[in-house]
Q: 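Mind looking over this structure? Questions follow.
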Amino acid sequence: MRQIVNTASGGVEVLRVQEAPEPHPGKGEVVIEVKAAGLNFADILARQGLYPDGPKKPCVMGYEVAGSIAAVGAGVDKQFLGRSVVAMTRFLGQSESVAVAANQLFDKPEQLTFEEAAAVPVNYLTAYALLAVMGSLHAGESVLIHNAGGGVGLAAIDVAKKLGAITYGTASPGKHEFLRARGLDHPIDYRNQDWLPVLMQLTGNRGVDLVIDPIGGSHWKKSYAALRHTGRLGMFGVSTASANGLKGKLKMVKAAAQMPWFHPLGLLNKNRGVFGLNLGHMWHEPEKVASWMSAILEGVEAGWVRPHVDKVFSFDQVGDAHTYLESRKNIGKVILVP
Ligand SMILES: NC(=O)c1ccc[n+]([C@@H]2O[C@H](COP(=O)([O-])OP(=O)(O)OC[C@H]3O[C@@H](n4cnc5c(N)ncnc54)[C@H](OP(=O)(O)O)[C@@H]3O)[C@@H](O)[C@H]2O)c1
């Protein structure tokens, strides 16, 4: 079977499609024949050598797949065979076949294509955890979604609308029309102007109840300044560091040096909260993640979860897929198919 291998850290030239032995299901596992695999920003950072959670290179990335069950291991009901499923994978998802623990599987909703189903787990679990769980967003509250046009961003709009919140979102200006059509109340161009004064003007100088920030470094300080009283800041990424080679390493050092410190008394006197989320550090809490995923899959049935696949690339075009995401062209999800 074929898989996408990160042969080293670097530009897209380090990505290769290589042959590997078929995986065999261990006890309690199934093998999924992958029809579609999600591409995430973590895959970009991993390729660049800036993702500490990634496996040692050479490695195969891939946090999520949709496909059908081709083999079952000991202790797994044979009736699973042939079932269409969606799953989180702790890497190796960008392969034609991948072994996964049977308790990590969810039935693929019938109304979704395999590509759409593969667009659900990482984006929607992240958005759901940030807004509904840790951010405790309530009806009538306001939320600022940074990179609202990205994969997590579009999912966050869906979750925020479901919760009845007023939505503000930063995005490259070419994405604003699409975002308005998706239900974003206030798109803000953050590429050609400073977004903070614009947000303050839009909110009558009050700020918002929740900000979700995947940019990191000094940007977290700025997002913190956008909170009104009882406001919360959710930090979940450092895309500001994205770059190849030495430049990326230097940008990561700069981002680390510029991260804000939050003093308890400052939080207390301003009635503010801060939290972080790393979905990749939730493998030991499968029940929690499964309960979030159930709510999300119910949302697919109910119609408020609307995974949007922007572009599908074949495994052989993986370099183009990375470039597409890195050059900010994507609106929503980028998917890889064998
Ligand atoms: N902690 C977690 O558990 C977790 C889980 C999933 C994702 N994340 C983080 O959430 C963020 C979004 O992830 P995603 O997979 O949904 O990707 P994504 O948002 O689709 O990523 C691409 C988009 O990000 C924006 N962007 C901002 N800074 C960028 C930069 N330096 N280079 C390229 N694009 C940049 C661009 O949109 P605009 O220019 O229109 O803004 C671009 O189209 C990433 O930082 C990722 O690491 C964290």
Side-chain angles (χ1 to χ4, degrees), residues 37-48 50-54 61-64 88 90 93 118-131 133-135 144-159 168-179 182 184 187-193 195 211-217 219-220 223 234-244 247-248 251-252 254-255 275-283 285 288-289 292 307-311 321-336:
L39 183 68
N40 290 293
F41 209 82
D43 301 321
I44 308 294
L45 295 175
R47 192 206 73 222
Q48 293 167 337
L50 300 175
Y51 189 61
D53 289 349
M61 293 295 290
Y63 267 131
E64 58 196 343
M88 292 278 295
R90 196 168 193 176
V120 170
V122 173
N123 288 169
Y124 279 90
L125 284 168
T126 304
Y128 191 84
L130 285 166
L131 270 59
V133 182
M134 298 188 79
L144 172 64
I145 299 162
H146 284 303
N147 303 149
V152 173
L154 285 193
I157 295 172
D158 280 355
V159 176
Y168 300 81
T170 61
S172 292
K175 301 177 186 176
H176 287 199
E177 197 183 324
F178 179 89
L179 289 170
R182 284 288 283 201
L184 180 69
I188 300 172
D189 174 7
Y190 76 121
R191 304 292 309 284
N192 302 301
Q193 62 182 346
W195 59 264
V211 181
I212 59 164
D213 189 333
I215 296 171
H219 203 260
W220 284 338
S223 289
M235 297 164 286
F236 69 109
V238 277
S239 57
T240 186
S242 171
N244 291 325
K247 191 171 171 204
K251 284 174 95 174
M252 191 58 99
K254 186 175 168 202
F275 63 91
L277 174 80
N278 188 339
L279 192 62
H281 292 189
M282 286 296 291
W283 296 102
E285 293 271 20
K288 263 188 203 275
V289 177
W292 304 344
H308 175 75
V309 176
D310 179 6
K311 222 166 151 81
H322 275 233
T323 302
Y324 192 70
L325 209 76
E326 275 173 280
S327 54
R328 302 170 181 263
K329 292 207 178 99
N330 67 304
I331 301 187
K333 195 74 182 180
V334 173
I335 291 290
L336 298 164

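Read the numbers this way: they start at 1 and go in the same order the structure lists the ligands and their atoms.
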Q: In chain order, what residues pass the ring-ring contact (aromatic ring centres under 6.0 Å, His included) check against Y51, with sequence neighbours excluded?
A: none

Q: What residues, two or more places apart in sequence or in another chain, satisfy salt bridge (charged side-chain N to carboxylate O under 4.0 Å, His left out) together with K175?
A: none

Q: Can you tell me how the ring of W195 sits relative to the ring of H146, calling it parallel under 30°, perpendicular over 60° and tilted otherwise?
A: perpendicular

Q: Is the shortest side-chain N to carboxylate O distance from E326 to R47 below 4.0 Å?
A: yes

Q: Under 6.0 Å between ring centres, would you say that holds for H308 and F178?
A: yes

Q: What does the N/O contact table under 3.5 Å look like for ligand 1?
A:
from: ligand 1; atom 1: 1 (N); to: F236; atom 2: O; distance (Å): 2.8
from: ligand 1; atom 1: 1 (N); to: L277; atom 2: O; distance (Å): 2.8
from: ligand 1; atom 1: 3 (O); to: L279; atom 2: N; distance (Å): 2.7
from: ligand 1; atom 1: 15 (O); to: F41; atom 2: N; distance (Å): 3.0
from: ligand 1; atom 1: 16 (O); to: G151; atom 2: N; distance (Å): 3.3
from: ligand 1; atom 1: 16 (O); to: V152; atom 2: N; distance (Å): 2.8
from: ligand 1; atom 1: 20 (O); to: G151; atom 2: N; distance (Å): 3.0
from: ligand 1; atom 1: 20 (O); to: N330; atom 2: ND2; distance (Å): 2.8
from: ligand 1; atom 1: 31 (N); to: S239; atom 2: O; distance (Å): 3.2
from: ligand 1; atom 1: 37 (O); to: K175; atom 2: NZ; distance (Å): 3.1
from: ligand 1; atom 1: 39 (O); to: S172; atom 2: OG; distance (Å): 2.6
from: ligand 1; atom 1: 39 (O); to: Y190; atom 2: OH; distance (Å): 3.1
from: ligand 1; atom 1: 39 (O); to: R328; atom 2: NH1; distance (Å): 3.0
from: ligand 1; atom 1: 40 (O); to: S172; atom 2: N; distance (Å): 2.9
from: ligand 1; atom 1: 40 (O); to: S172; atom 2: OG; distance (Å): 3.3
from: ligand 1; atom 1: 40 (O); to: K175; atom 2: NZ; distance (Å): 2.9
from: ligand 1; atom 1: 41 (O); to: N147; atom 2: ND2; distance (Å): 3.0
from: ligand 1; atom 1: 41 (O); to: Y190; atom 2: OH; distance (Å): 2.5
from: ligand 1; atom 1: 43 (O); to: K175; atom 2: NZ; distance (Å): 2.8
from: ligand 1; atom 1: 43 (O); to: N330; atom 2: OD1; distance (Å): 2.7
from: ligand 1; atom 1: 45 (O); to: P214; atom 2: O; distance (Å): 3.3

Q: Return the set of residues passing salt bridge (charged side-chain N to carboxylate O under 4.0 Å, His left out) with D158 (not counting sequence neighbours), or none when no residue passes.
A: R182, R306

